[in-house]
Asks: 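Have a look at the structure that comes next, please.
Labels below follow one simple rule: chain letters A, B, ... track the order of the sequence lines, proteins then strands, and each chain is numbered from 1.
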Protein chains: 2
Amino acid sequence: MKRTSRDIRTANRYEVLRQIIAESPTSRQELAAATGLSLATVATLVGELLDLRMITEVGFEDSAGGRPRGLVAVNTSGGALIGVDIAETYVHVELFDLGLNVLARAEEEVRPGESLPEHVVGHVAAAVGSVVTQAGIEGARVLGVGVSVPGQVDRATGISEYAPNWDWHDVPLLDLLTEHIAYPLYLDNPLRASAVAELWFGAARGRGNAVVVNLGTGVGAGLVLGGGLHRGVSNSAGEWGHTTMVLDGRPCRCGNHGCVETYVGARGIMLNLRELDPGSALLHAEDQTATIDALARGVAADDPVARRVVHETARYLGAGVADLVNLFNPEIVVLSSWVARALGEPLLHAVREAVTRHALPRPLAATQVVLSPIPTDPVCLGAATFALEGALQTVGQKNGKRTTPVRSRTTTPPS
Amino acid sequence: MKRTSRDIRTANRYEVLRQIIAESPTSRQELAAATGLSLATVATLVGELLDLRMITEVGFEDSAGGRPRGLVAVNTSGGALIGVDIAETYVHVELFDLGLNVLARAEEEVRPGESLPEHVVGHVAAAVGSVVTQAGIEGARVLGVGVSVPGQVDRATGISEYAPNWDWHDVPLLDLLTEHIAYPLYLDNPLRASAVAELWFGAARGRGNAVVVNLGTGVGAGLVLGGGLHRGVSNSAGEWGHTTMVLDGRPCRCGNHGCVETYVGARGIMLNLRELDPGSALLHAEDQTATIDALARGVAADDPVARRVVHETARYLGAGVADLVNLFNPEIVVLSSWVARALGEPLLHAVREAVTRHALPRPLAATQVVLSPIPTDPVCLGAATFALEGALQTVGQKNGKRTTPVRSRTTTPPS
DNA sequence: CGCACTTTATACAGCCCCTTTCCAAACCCC
DNA sequence: GGGGTTTGGAAAGGGGCTGTATAAAGTGCG
């Protein structure tokens with residue numbers, strides 16, 4: 001809330017590193033042009049990052065006749081970041097170098113009966129251990145672990161206040177994880193993780209106002225407003241999935257009716273399909289992934305039912321996205337998460353058409369709707385980005401005071 | 001977008017003046033406690049405001065045994081601010097002293113046939129002239145005129161890009177007004193005006209995240225996010241009225257179906273009434289104000305139809321407000337504009353109940369829903385506040401560069 | 001009445017930020 | 001090898017906020 005000049009510095013530091021990661025190698029001149037900062041400021045920030053070993057000088061580039069430009073690039077071996085995506089049925093963990101390239105990956109299945117916090121924490125610890133050994137990284141080089149858990153999260157205390165899938169209530173997740181993981185930990189939810197991923201590395205890069213729509217089993221929106229993530233007063237902004245789209249419509253697991261999620265979430269799409277063709281061969285009982293994949297194949301094969309289902313889904317989704325466009329007036333709306341990826345371009349085109357029908361002309365004219373360009377799991381990437389932000393936060397501060405609490409047990413080696 | 005340390009200063013200046021206006025007279029000590037700034041900073045800011053003659057020293061207050069606290073208060077005669085509320089059927093103009101007390105008021109009727117920009121500009125000029133003479137203020141003391149016009153507005157160029165009521169397109173409203181009004185002019189739309197009014201003087205004071213819901217003929221939301229007004233990328237954020245609440249529902253003037261406005265705007269409420277009791281005596285043909293007032297009286301008199309209409313309206317409105325709560329996670333939702341005022345407490349209670357049913361528990365717990373406490377026209381007040389902000393913006397800057405363009409023709413006296 | 005004590009307000013130094021300006025370093029070309 | 005050009009860093013300058021010292025203005029008590 002309280003703005004200080006230090007926030008400016010932090011934001012600029014983010015901006016510069018973001019730019020370097022995006023365009024590596026690059027020169028100080030380019031950075032200054034891209035960020036709008038003065039050369040002097042860029043130089044000091046680059047100096048800081050060099051001191052941190054997050055970037056390195058990698059040679060020179062010819063200039064127009066004068067002294068050559070020094071080039072800096074991400075120091076990929078300068079450290080590792082780990083992103084953890086805890087979802088209803090799985091735990092994905094990815095280990096990244098500082099260029100945010102995936103060095104190792106691990107996945108654990110969360111079986112329906114094993115959803116107690118201890119089980120999940122066990123999976124996370126195992127997978128984190130696995131990626132570290134896979135990548136052959138020394139523990140000391142891991143700068144942090146970002147953890148995404150669905151639902152409402154208090155990132156200050158590290159408590160999962162409420163996770164809808166498993167009916168968790170006020171689980172001190174970060175404390176539990178700290179007992180098994182010795183790296184600095186950062187907790188947030190997948191909505192914000194994927195938003196940050198798009199902001200740093202995806203379609204929202206350089207945009208001040210963006211909405212990242214997450215289409216998975218659950219549905220939600222990550223909000224980038226005024227250049228930063230909007231969290232709301234209790235860090236639960238973006239719960240778009242439980243916004244009413246059809247008053248008195250389909251019943252939702254949240255207890256309400258007509259929520260967006262019941263029309264465009266994975267289960268909602270299955271309902272759309274069932275309504276159109278109750279006995280469809282595309283339906284795979286309760287297996288969401290299989291059904292959505294079958295649907296995608298059906299569209300590719302010009303199956304009329306599949307096409308109609310996507311069209312119908314896009315009708316709902318388009319109306320919902322148009323609402324977001326009208327409300328937020330963003331520069332860009334990014335469709336992310338596995339359902340969006342599976343249905344891909346056909347969904348996108350249908351959605352764009354529906355958005356054009358529903359949104360007001362002025363905000364519509366300022367907005368583009370795109371698919372997430374991030375090739376890997378955006379939530380893992382975003383979670384790792386939280387860790388990166390955390391590592392950047394404390395730079396240059398005299399006393400190591402952190403605004404974001406970080407749990408770590410640095411006395412013992414990683415589990 | 002680009003943050004500079006000057007923004008911090010400006011924000012602090014706003015904060016201090018806001019506090020003085022709210023609690024006048026007050027001491028530097030109180031200001032420091034209220035704003036969280038150091039005494040030194042408060043002292044310099046107070047010094048600036050004293051130099052500007054916006055506040056004055058008004059005596060002393062006993063301290064606990066030591067030197068008495070100097071008290072400062074708004075210098076009500078230090079200048080005047082004018083707020084202009086242009087709406088579909090009227091032009092309201094109010095002149096305020098620096099304590100934002102109304103000194104004079106004028107109203108012009110905009111008849112259906114007279115909606116050309118020249119007509120409206122004429123009304124504005126006449127009303128502005130009227131309040132200045134009424135108040136007996138010398139022209140030089142008018143610090144600025146804020147103008148609110150419905151629809152999409154480009155505040156940088158002063159162009160009314162689109163006004164739905166009159167089908168205006170790209171009307172250079174500020175240029176037209178400049179020809180008749182010699183004071184600095186500031187243009188924006190009523191959504192943002194009422195939001196700023198709540199932020200400075202109303203229910204959103206001191207809140208970092210608030211949503212101001214405007215219920216009038218048109219419907220929209222002013223968004224206060226992260227301590228400031230959210231404008232979106234083309235200054236058209238907050239168009240909540242044309243958000244879909246019932247897919248394929250009632251037709252809306254925007255061309256879509258099921259927009260929030262068609263259920264909770266004045267016309268929508270009339271439809272709600274008509275659906276319940278087509279021949280109701282409460283219906284006053286096309287007169288929105290009369291019908292809404294009749295409805296309010298009906299509720300007060302325990303008329304069952306009136307009560308059911310309000311209940312039904314609150315059902316829609318509650319669902320819509322719950323959507324805003326889920327999306328933005330605000331501290332407070334303020335119901336503003338004339339329909340909200342007319343229907344008052346009965347509507348509020350019904351809405352609260354409906355919001356409680358629809359919103360997710362976590363964001364709901366952090367949010368309160370209230371009626372606007374502003375006794376006068378919030379749009380006029382907000383528009384005047386834009387002028388006040390404008391007057392504060394340039395303080396202390398070496399060269400009078402303004403970030404917000406201001407049109408004024410100071411060579412000639414006011415019309 | 002005068003002195004000690006308290007509280008308030010201001011002045012000043014210190015630190016953080018960003019930018020402009022100046023200058024050394026590094027390279028090209030002639 | 002010298003002039004011209006570009007780069008990068010160091011220093012100075014302008015803003016901002018804060019903590020500390022100091023002046024100002026009271027109270028209380030001997």
Asks: By the 4.0 Å heavy-atom rule, please label A/Ala43 as base, sugar-phosphate, or nothing.
Replies: sugar-phosphate
Asks: Looking at A/Arg9 and A/Glu48, is there a salt bridge between them, counting it only when a charged N and a carboxylate O are closer than 4.0 Å?
Replies: yes
Asks: Looking at D/dC17, I'd like to know if its phosphate oxygens (OP1 or OP2) sit under 4.0 Å from a side-chain N or O belonging to B/Asn12.
Replies: yes
Asks: Using rotation axes that map the C1' atoms of four end pairs onto the next four (five pairs an end), what angle separates the end axes of the helix from C/dC1-D/dG30 to C/dC30-D/dG1, to 10°?
Replies: 30°
Asks: In this structure, how many angstroms lie between the C1' atom of D/dT18 and the CZ atom of B/Arg9, rounded?
Replies: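 So the two atoms are 12 Å apart, to the nearest Å.
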Asks: Determine: side-chain N/O of B/Ser38 to OP1/OP2 of D/dC17, distance under 4.0 Å, yes or no.
Replies: no
Asks: Quick one: is B/Arg28 getting a side-chain N or O under 4.0 Å of the C/dA9 phosphate, OP1 or OP2?
Replies: yes
Asks: Using a 6.0 Å distance limit plus a 45 degree cone around the ring axis, check whether B/Arg155 lies over the aromatic ring of B/Phe386.
Replies: yes
Asks: When the nearest nucleotide of DNA chain D is assigned to B/Ser5 and to A/Leu39 on a heavy-atom basis, which residue is associated with the more 5' position?
Replies: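 Going by which nucleotide is closer to the 5' end, it is A/Leu39.
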Asks: Taking for each residue the nucleotide of DNA chain D bearing the nearest heavy atom, is the 5' side occupied by A/Gln29 or by A/Gly66?
Replies: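 The 5'-side residue here is A/Gly66.
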Asks: Look at A/Asp62 together with A/Arg69 and state whether they make a salt bridge at an N to O cut-off of under 4.0 Å.
Replies: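 Answer for the salt bridge query: no.
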Asks: Kindly write out the residues that satisfy side chain to side chain donor-acceptor pair (under 3.5 Å) with B/Thr4, not counting sequence neighbours, or none if the list is empty.
Replies: none
Asks: Please report the distance, rounded to the nearest Å, between CZ in B/Phe60 and P in D/dG26.
Replies: 7 Å
Asks: Has the side chain of B/Arg67 got a donor or acceptor atom sitting under 3.5 Å from an opposite partner on the base of C/dT8?
Replies: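 Donor-acceptor pair under 3.5 Å: yes.
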Asks: Regarding B/Gly70, tell me which of base, sugar-phosphate or nothing describes its non-hydrogen contacts under 4.0 Å with the strands shown.
Replies: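 The residue B/Gly70 makes sugar-phosphate contact but no base contact.
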